[in-house]
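Heads up: numbering here begins at 1 and tracks the sequence. On a predicted model such as this, the values are computed, not experimentally measured, just so you know.
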Amino acid sequence: QVQLVESGGGLVQAGGSLRLSCAASRNIFSFDRMGWYRQAPGKQRDEVATITQLGKVSYADSVKGRFTIVREVSKDTVYLQMDSLKPEDTAVYFCNAHPGGIDYWGKGTQVTVSS
């Protein structure tokens, strides 16, 4: 069974930065794709950033130029560097991993951006 544990969320002012971490219980090279998703109050869960096994990255238009997804293979960890945060970024952020045929999710970490 795969476990994903997110950390790094918190309360920041607009324009600030946070780095979210997703620690996996297995070799992250075994995942076809990993990524970050977020869900704001009363909204559906949206894709924020993904990275494939081959290293291809993708970002939602709303975060391009501000967020960066990075993997550190030696630690089996994927990060989401979040800069120039906006109040609209406030949400619970979830880590996702797809090892092939199955999706795994972390429990989420809260990010709150004040104006």
> Out of curiosity, Q1 CD to Y104 OH, how far, rounded to the nearest 0.5 Å?
5.0 Å
> Closest heavy-atom contact between C95 and L4?
O-CD1, 3.7 Å
> D76 and F29: side chain to side chain contact (heavy atoms under 4.5 Å, CB included), yes or no, with the steps?
CA-CA 8 Å; D76 288 325; F29 278 142; over 6 Å; no
> Enter the distance from Q110:CD to Q39:CD here, rounded to the nearest 0.5 Å.
11.0 Å
> Could you note down all residue pairs passing side chain to side chain donor-acceptor pair (under 3.5 Å) where residues 9-22 supplies at least one of them, sequence neighbours left out?
S17-D83
> Does any part of the side chain of I28, heavy atoms only, come nearer than 4.5 Å to the side chain of T77, both counted from C-beta?
no
> Quick one: does any side-chain atom of T109 pair with a main-chain N or O of Y93 as donor and acceptor, under 3.5 Å?
no
> Can M82 and L20 be said to form a side chain to side chain contact (heavy atoms under 4.5 Å, CB included), step by step?
CA-CA 8 Å; M82 309 164 65; L20 306 183; 3.6 Å; yes
> Checking E6 side chain against K107 main chain: does a donor-acceptor pair fall under 3.5 Å?
yes
> Going by side-chain heavy atoms closer than 4.5 Å, which hydrophobic residues are tied to W105, directly or by a chain of links?
Y37, V92, F94
> Which atom names give the shortest non-hydrogen contact between P99 and A97, and what distance separates them?
CD-O, 3.6 Å
> Which heavy atom of A91 sits nearest to which heavy atom of R38, and what is that distance?
CB-CB, 3.8 Å
> As an exercise, state the distance from CD of Q53 to CZ of R33, rounded to the nearest 0.5 Å.
11.5 Å
> To the nearest 0.5 Å, how far apart are OG1 in T52 and NE2 in H98?
12.0 Å
> Could you see if V70 belongs to whatever hydrophobic cluster contains V73? Use Ile, Leu, Val, Met, Phe, Trp, Tyr and a side-chain cutoff under 4.5 Å.
no
> Roughly how far apart are L80 CG and I51 CD1, rounded to 0.5 Å?
11.5 Å
> Rounded to the nearest 0.5 Å, how far does CG of D89 lie from OG of S62?
7.0 Å
> Identify the heavy atoms of I69 and V57 that sit nearest to each other, and give their distance.
CG2-CG1, 3.9 Å
> Return the minimal non-hydrogen interatomic distance between P87 and A14, and the atom names on each side.
CD-CB, 4.1 Å
> Kindly indicate whether the side chain of C22, heavy atoms from C-beta on, has any atom under 4.5 Å from the side chain of Y79.
no
> Using side chain to side chain contact (heavy atoms under 4.5 Å, CB included) as the criterion, list what pairs up with S58, not counting sequence neighbours.
E47, T50
> Grouping I, L, V, M, F, W and Y whenever their side-chain heavy atoms are under 4.5 Å apart, do L54 and F31 come out in a common cluster?
no
